[in-house]
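Heads up, the thing below is written out as structure tokens.
Bear in mind that the values here come from a model prediction, so they are computed numbers and not experimental data.
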Amino acid sequence: MTAQGVGGDIGTMNLTDLPHAQRPADAEPQLRGLRELPGPRPWPLVGNALQVRLSKVHQHVEAWVREYGPLIRVKLGGVPLLVISDHELIAQLLRDRPQGFRRPSRMQQVMREMGIPDGVFLAEGAHWERQRRMVMASFAPGQVRAYMPALHRVAERLRQRWVGTARAGGSIDLQLDLMRFTVDVIAGLAFGVEVDTLSSDEDVIQRHLDQIFPTIWRRSHALVPYWRWVKLPRDRRLDRSMLAVKAAIRDFMAQARARLADPARRAAPQNMLEAMLVSADEPGSGMSDEDVVGNVFTMLLAGEDTTATSLSWMIYLMSRRPETLRQAREEVDACLGEMADWSAEDLGRLDYLEACIHESMRIKPVGPFNVVEALQDTVVGDVRIRKGTSVVMVMRHDTSREDVFAQAGDFMPERWLGEDLPLAPSHAKRVSMPFGAGPRICPGRYLALLEIKLAAAMLLKHFDVVVVDTPDGREAEEHMALTMVPLGLKMRIRLRSSR
């Protein structure tokens, strides 16, 4: 299957300067090779690799597509990459998975070297299809609604932590506290165990995850895989963290298997890990304990970082527009009673807060670019590429265009409300794709939105946001480390005097 282009603004092929209706019916676009594309001038041997900082690579690539156009060529070392920024073309490639494109094989190799088995995030082909069925069942909306008691317990721990900080007049490390929140949520839902990082400063699991996540990013983009021959101190720390996390996962699995010795429990698993083990034990499932371990790693890594980062960016952006905070608070007060009584349906009525989530993800997506790899010789837009070529999809180029989103640089949640607006939400969601698209769209998106709403509603219901700022008072810096995290955000809050 090929991923053909859909409009005249995605390349410089013959005839594409004419609207489709004015082109001859039998006209065929002239295809280009990857070498014919514009792009930044590469250096000998290293290509464009030394022209970027890894922590800012997304900003460099975004600048290049603004300068050179929506289809460009970039070289990392001796490897040419196709970079695209047209949202319609991106959507086609995302829908062409897993048949036409896959996730980067380099990342899969790096994670396997680290000892992380393939989970649904990296599995391909029939292996992915088996895992997808297993994981999707765990993230179905009905199943996620059953997790609400566990979500409430973690949200209450976060509230108590922030009450203590507010009374002491201190400031909150926003990203760190929200990472604690999401780790506790995932541990409770995935494993059925209480991993209380919010009430303790030990952070055992999170401390190890903080070693693993950046290493995946760093090694996936290294010009030379030095760690295969030389272990630096950070590589030795990684090895220790991998051993610790895998031991914890094996312990969680042993506890789950002990619980599943009860036939009633096996018939009605009560968390994701139990459900996956029951599924893996089915005759002919094709699943093993290693597959379960891989998906546990996926949930820990993806579930911790992406949701916490999305929350951090949203709270930061809302705090810079007091009118947004006021409207969101009024909605929370009108729709929600005491926090212990909140249901998933209650949170689902928070339309304005959900609009804040979508607008934040448009401006500050945790994945500002995505990468796929061609499984066969194919055509992208008007460009021929070979099997194995990586395609970098710049996800927030079109979401930042004034001709697509009016006042694109402004945080305006109301743009996501009402189908009669110039850019209706149904159309906007085809341009902004923070959870991806197609068959491999993020299976945990419903849970992520529920977590974000719960934590944000708790904050609005119980606290006044005094300020969310950086140490130097400047705009929050975007730092790329597999996800795009804000650096140094500190939040000061006070208890609401009346509600």
Side-chain angles (χ1 to χ4, degrees), residues 1-20 23 27-40 42 47-48 57-58 60-108 124-125 220-221 365 367-401 404 430-433 436-441:
M1 182 183 296
T2 61
Q4 298 288 350
V6 292
D9 63 339
I10 61 172
T12 57
M13 66 182 82
N14 290 355
L15 303 175
T16 55
D17 290 334
L18 293 175
H20 284 283
R23 298 178 200 164
E28 289 292 333
Q30 179 180 336
L31 299 182
R32 297 179 290 173
L34 192 53
R35 292 183 178 181
E36 300 173 61
L37 296 183
N48 304 110
V57 64
H58 62 297
H60 291 289
V61 175
E62 288 168 348
W64 284 336
V65 296
R66 287 194 298 269
E67 180 176 357
Y68 297 106
L71 285 160
I72 70 173
R73 183 180 80 135
V74 171
K75 288 191 73 174
L76 294 181
V79 181
L81 311 174
L82 173 62
V83 180
I84 66 175
S85 60
D86 178 84
H87 71 272
E88 293 181 313
L89 190 53
I90 288 170
Q92 289 192 31
L93 265 65
L94 292 175
R95 288 194 297 267
D96 200 7
R97 299 180 300 171
Q99 288 80 19
F101 292 85
R102 56 161 293 162
R103 294 192 189 277
S105 55
R106 174 70 179 273
M107 180 175 289
Q108 184 180 50
E124 296 292 338
S220 295
H221 293 83
F369 66 87
N370 202 341
V371 184
V372 293
E373 184 178 299
L375 289 171
Q376 58 201 15
D377 293 354
T378 188
V379 176
V380 177
D382 67 330
V383 181
R384 299 184 304 270
I385 60 172
R386 295 182 181 275
K387 175 182 178 180
T389 300
S390 290
V391 182
V392 179
M393 299 173 289
V394 182
M395 306 301 291
R396 70 168 176 181
H397 178 267
D398 283 4
T399 62
S400 302
R401 284 171 44 187
V404 178
R430 293 198 296 270
V431 182
S432 180
M433 297 172 278
R440 299 201 68 152
I441 192 170

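Note that the CE atom of M395 and the CE atom of M433 stand 4.5 Å from one another [nearest 0.5 Å]. From S220, atom OG reaches atom CE of M107 across 4.0 Å, with rounding to the nearest 0.5 Å. To the nearest 0.5 Å, the span separating CG on L37 from CD1 on I72 amounts to 8.5 Å. Atom CD1 of I385 is separated from atom CG of L82 by 6.0 Å, given to the nearest 0.5 angstrom. The NZ atom of K387 lies 7.5 Å from the CG atom of L375; values are rounded to the nearest 0.5 Å. Taking CG of D86 as the start and CE of M393 as the end, the distance is 12.5 Å to the nearest 0.5 Å.
The shortest non-hydrogen separation linking P368 to H58 is CG-CB, 3.7 Å. For P38 against Y68, the heavy-atom pair with the smallest separation is CG-O, 3.6 Å. For the pair R384 and G33, the tightest heavy-atom approach, listed with the atom from each and the gap, is NH2-N, 3.7 Å. F369 and V57 get closest at one heavy-atom pair: CE2-CG1, 3.9 Å. Annotation for L89 and G381: closest pair CD1-N, 3.8 Å, computed over non-hydrogen atoms. Of all non-hydrogen atoms in D398 and V404, the two that sit nearest each other are O-CB, 3.6 Å.
For residues 60-75, the salt bridge (charged side-chain N to carboxylate O under 4.0 Å, His left out) pairs, not counting sequence neighbours, are E62-R396.
When side chains are defined from C-beta on, R97 counts as touching R103, because their heavy atoms get closer than 4.5 Å. Put simply, the side chain of W64 does not reach to within 4.5 Å of the side chain of V83, judged on heavy atoms. The shortest side-chain heavy-atom distance between V74 and V61 does not fall under the 4.5 Å cut-off. Counting heavy atoms from C-beta on, the side chains of L94 and N370 come closer than 4.5 Å.
For H397, there are no ring pair (Phe, Tyr, Trp, His ring centres under 6.0 Å) partners, not counting sequence neighbours. In this view, S432 and R362, T399, W416, P434 satisfy the side chain to side chain contact (heavy atoms under 4.5 Å, CB included) rule, not counting sequence neighbours. For N48, the side-chain hydrogen bond (donor to acceptor under 3.5 Å, both in side chains) criterion is met by Q51, not counting sequence neighbours. Contacts of L81 classified as side chain to side chain contact (heavy atoms under 4.5 Å, CB included), with partners at least two apart in sequence or in another chain: L76, V79, S390, V392. Listed by chain and residue number, nothing satisfies the side-chain hydrogen bond (donor to acceptor under 3.5 Å, both in side chains) test with H221 (two or more places apart in sequence, or in another chain). Shown here are the side-chain hydrogen bond (donor to acceptor under 3.5 Å, both in side chains) partners of S400, two or more places apart in sequence or in another chain: there are none.
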